[in-house]
Amino acid sequence: MDNTSHPVLRQVPFPFPDGRFPHDLGAVVQRTVAEGRLPALVVIHDSDGDWMVGDGVNDPNLPDASGVYCLASLVQDDATLAGTAALQPGFAAYRDGPGLPWTVEPFSFDDEDEPDT
């Protein structure tokens, strides 16, 4: 992955031009994926427009388990991630292994489904 430092943006207008992740769009990415130790098996575009990429195995919420990385850089290392750039907000893409097809499903965080008290 390209470790060149440059500003990253949390959100950019969607849909993306040419259906590609913009160079400066950042995502919360599990370090196991960013460092190439495990493949990306989950891509989430949440209802707020934020992006997350995970390995589908480890807990991304543990301390130091995730960081902010550019999605375009991840695509340089795994071109199959490019197919998730059209993922609509509120959806997630899952796959069982690298190079396998993505399955798209509606997504929400568990606490989004619970009524406010």
Side-chain angles (χ1 to χ4, degrees):
M1 185 165 82
D2 178 11
N3 290 323
T4 306
S5 180
H6 61 83
V8 291
L9 300 175
R10 179 177 172 197
Q11 296 178 350
V12 298
F14 183 83
F16 306 130
D18 301 324
R20 297 176 160 185
F21 287 116
H23 174 74
D24 52 0
L25 177 61
V28 174
V29 180
Q30 280 186 273
R31 293 189 196 286
T32 53
V33 173
E35 295 168 359
R37 292 182 278 140
L38 290 172
L41 300 181
V42 179
V43 178
I44 299 167
H45 188 188
D46 74 13
S47 59
D48 291 331
D50 296 319
W51 291 83
M52 288 144 271
V53 180
D55 62 26
V57 178
N58 298 293
D59 184 349
N61 299 306
L62 294 176
D64 251 0
S66 301
V68 176
Y69 298 87
C70 287
L71 281 166
S73 294
L74 290 176
V75 171
Q76 288 177 349
D77 292 333
D78 180 355
T80 64
L81 286 170
T84 64
L87 195 61
Q88 295 294 313
F91 283 83
Y94 303 92
R95 63 182 176 178
D96 292 327
L100 295 176
W102 294 98
T103 302
V104 176
E105 300 175 6
F107 174 84
S108 68
F109 292 105
D110 290 337
D111 60 346
E112 288 180 357
D113 295 333
E114 297 174 12
D116 292 334
T117 55

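Predicted, not measured: the structure shown is a model, and the values here were computed from it. Residue numbers count from 1 along this sequence. These values consider heavy atoms only, across backbone and side chains, with no hydrogens, waters or symmetry-generated copies.
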Could you pull out the closest heavy-atom pair between [X] and [Y], with the gap in Å?
{"X": "Leu41", "Y": "Pro98", "answer": "CD2-N, 4.2 Å"}
{"X": "Asp64", "Y": "Arg31", "answer": "O-NE, 2.9 Å"}
{"X": "Pro22", "Y": "Ala72", "answer": "O-CB, 3.9 Å"}
{"X": "Gln30", "Y": "Gly54", "answer": "OE1-CA, 3.0 Å"}
{"X": "Ala92", "Y": "Ile44", "answer": "CB-CG1, 3.9 Å"}
{"X": "Thr80", "Y": "Trp102", "answer": "O-NE1, 3.2 Å"}

Is a donor on one side and an acceptor on the other found under 3.5 Å between the side chain of Asp48 and the backbone of Asp50?
-> no

Might you confirm whether atom CG of Asp96 has over 12 heavy atoms from other residues, nucleotides or ligands at distances under 6.0 Å?
->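 No, because the 6.0 Å sphere around CG of Asp96 holds 12 heavy atoms or fewer from other groups.
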
Might you confirm whether atom CZ of Arg37 has over 12 heavy atoms from other residues, nucleotides or ligands at distances under 6.0 Å?
-> yes

Is any side-chain heavy atom of [X] less than 4.5 Å from a side-chain heavy atom of [Y]?
{"X": "Val43", "Y": "Leu81", "result": "yes"}
{"X": "Val53", "Y": "Tyr69", "result": "no"}
{"X": "Phe107", "Y": "His45", "result": "no"}
{"X": "Phe21", "Y": "Leu74", "result": "no"}

Answer yes if [X] and [Y] sit in the same cluster of Ile, Leu, Val, Met, Phe, Trp and Tyr residues linked by side chain heavy atoms under 4.5 Å apart, and no otherwise.
{"X": "Leu71", "Y": "Leu38", "value": "no"}
{"X": "Leu87", "Y": "Val12", "value": "yes"}
{"X": "Leu100", "Y": "Tyr94", "value": "no"}

